[in-house]
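Lettering follows sequence order; numbering is per chain, from 1.
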Protein chains: 2
Amino acid sequence: MGRTPPGQTRERIYQFVRDRLLSGFPPTVREVKEAFNFRSVQTAREHLEALVNEGRLGKEKGKARGYRLPDSSRLGPPTRLVPLLGRVPAGPLDIAAEDLEGYIPIQAHHSSEELFGLRVRGVSMTGAGILPGDIVVVRRQPTADSGDIVVALIEDEATVKRLRISKNHVELHPENPDFEPIIPDSTDLKLLGKVIEVRRYLERP
Amino acid sequence: MGRTPPGQTRERIYQFVRDRLLSGFPPTVREVKEAFNFRSVQTAREHLEALVNEGRLGKEKGKARGYRLPDSSRLGPPTRLVPLLGRVPAGPLDIAAEDLEGYIPIQAHHSSEELFGLRVRGVSMTGAGILPGDIVVVRRQPTADSGDIVVALIEDEATVKRLRISKNHVELHPENPDFEPIIPDSTDLKLLGKVIEVRRYLERP
DNA sequence: CATCATACCAGACAAATGTATGGTAAGTCA
DNA sequence: TGACTTACCATACATTTGTCTGGTATGATG
């Protein structure tokens, strides 16, 4: 019976399970057994239980595929995939397939948040470090605070701007001196949400 | 026996299952049954099977939690958690616990890539849309091309700059007119890697 | 040497989970 | 009206999956 030094297989099992969990399809104990060519399910199970006892994995006891990444401050909030949209619907996030560019992984602090990604097309926000081609991650909300960077729909066209609220009206400010603020008619403006994250991919895969 | 118009429950079940799959924990048929207060497992199963027949869900037949998003759903490359470092080691990525600020989820195109995140501290790259507090995602590599944005160690201090390579020497250029290019002595320079992504979190959790 | 901790195996059992069969009820259409 | 489609319910069975009990073997330590 071959046997590895203490801790070596454990570490490889942790990485296998972690990768499976991040890919969205948790393994069964038997899948771990097969992945490592053990002859016994119990071998896999003992490694997994040890990882749970060390706090590196969480677990829903007795449930199929029940191992989880733990909710710990080290790993941060749970990760989920959020749709990257080519076009934003005005209503609820019923995503038509042709509007879906892909998905991006986001650490979501509150699971009730409805998030989406949108690709920036213009240069009106370069002064705020938001360049064409960047992706903004937007939390859907119908209102925002003055000073927030928001995504708004004006006559069915989505735009990223800084919101300025005064007594009588709302303004959408660019962060680029070549552009003028937009003062939309209130019936033409629909605020979609607040930009909570900006991402730039510098390299094509 | 209450009953909804055709297609309405189906749509809500699709969204429930899709969100569970995007969050990384696929549901059992019984979990769908309970989420929708059905009295019978078979009700949930029939909706799920219909979604499979419509091509909106995939499935590993006979497997627990076997429903999947179909391959056409453009999920992108697998996600991994990449360490966010407070200090960059000059050697291999053996991370001391005090240097680890947390983890960020990255879609990794090549599993052999060694990645880390680093928080930007200065204003020398604002012209390139990289602001203080941003996180740069770095792929460890010992060389890069002229024009790449890189992370380099100069006298044990990590800096983010644009690399300029000429015949005789290497320069590290800021993207801010208030700063001068750095022309390091070649023994003082260690190139750690290339910046492949920039992230800005606009909101504290 | 005995003891302990760790890494593995074998087999059986309990529970979770997927699946199948038979059914009711409502709405639409010819 | 009958036939068909769809949305639900009830029950049972088959299979997968988690768990437990008993075991061997190796290396380190007192």
Query raised in the report: Does B:E49 pair with B:K59 as a salt bridge, N-O distance under 4.0 Å?
Result: yes
Requested in this report: For A:A64 and for B:P6, find the nucleotide of DNA chain D with the closest heavy atom, then tell me which residue's nucleotide is more 5'.
Outcome: B:P6
Report summary line: Which of D:dA7, C:dT17, D:dT19 is nearest the side chain of B:H47? It is D:dA7
Query raised in the report: Any donor-acceptor pair under 3.5 Å joining the side chain of B:T43 to the base of D:dA7?
Result: no
Requested in this report: Please report, rounded to the nearest Å, how far the C1' atom of C:dT6 is from the CZ atom of A:R45.
Outcome: 17 Å
**Report entry** Gap between atoms NZ and C1', on A:K61 and C:dT17 respectively (whole Å)
**Finding:** 18 Å
**Report entry** Protein-nucleotide distance (B:Q42, atom CD; C:dT24, atom C1'), rounded to Å
**Finding:** 14 Å
Report summary line: Atom CZ of A:R39 and atom C1' of C:dA7 are separated, to the nearest Å, by 15 Å
Report summary line: Numerically ordered, the residues 12-33 of chain A set in heavy-atom contact under 4.0 Å with DNA chain D is A:T28, A:V29, A:R30
Query - Gap between atoms CZ and P, on A:F38 and D:dG18 respectively (whole Å) - result: 15 Å
Query raised in the report: How long is the line joining CG of A:L48 and C1' of C:dC8, in whole Å?
Result: 14 Å
Report summary line: Residues pairing under side chain to side chain donor-acceptor pair (under 3.5 Å) where one sits in residues 27-38 of chain A, two or more places apart or in two chains, turn out to be A:R20-A:E31, A:E31-A:R65
Query raised in the report: Between B:E171 and B:R162, is the closest basic N to carboxylate O distance under 4.0 Å?
Result: no
Report task. Any chance you could lay out the side-chain contact (heavy atoms from CB on, under 4.5 Å) test for A:I183 and A:H169, step after step, and finish with the verdict? Result -> CA-CA 8 Å; A:I183 307 180; A:H169 61 275; 3.7 Å; yes
Query raised in the report: Can you say whether the rings of A:F38 and A:H47 are parallel (under 30°), tilted (30 to 60°) or perpendicular (over 60°)?
Result: parallel
Query raised in the report: Got a salt bridge between A:E203 and B:R139, using NZ or NE/NH1/NH2 to carboxylate O under 4.0 Å?
Result: yes
Report task. Measure the distance from CZ on B:R65 to P on D:dT17 and round it to the nearest whole Å. Result -> 11 Å
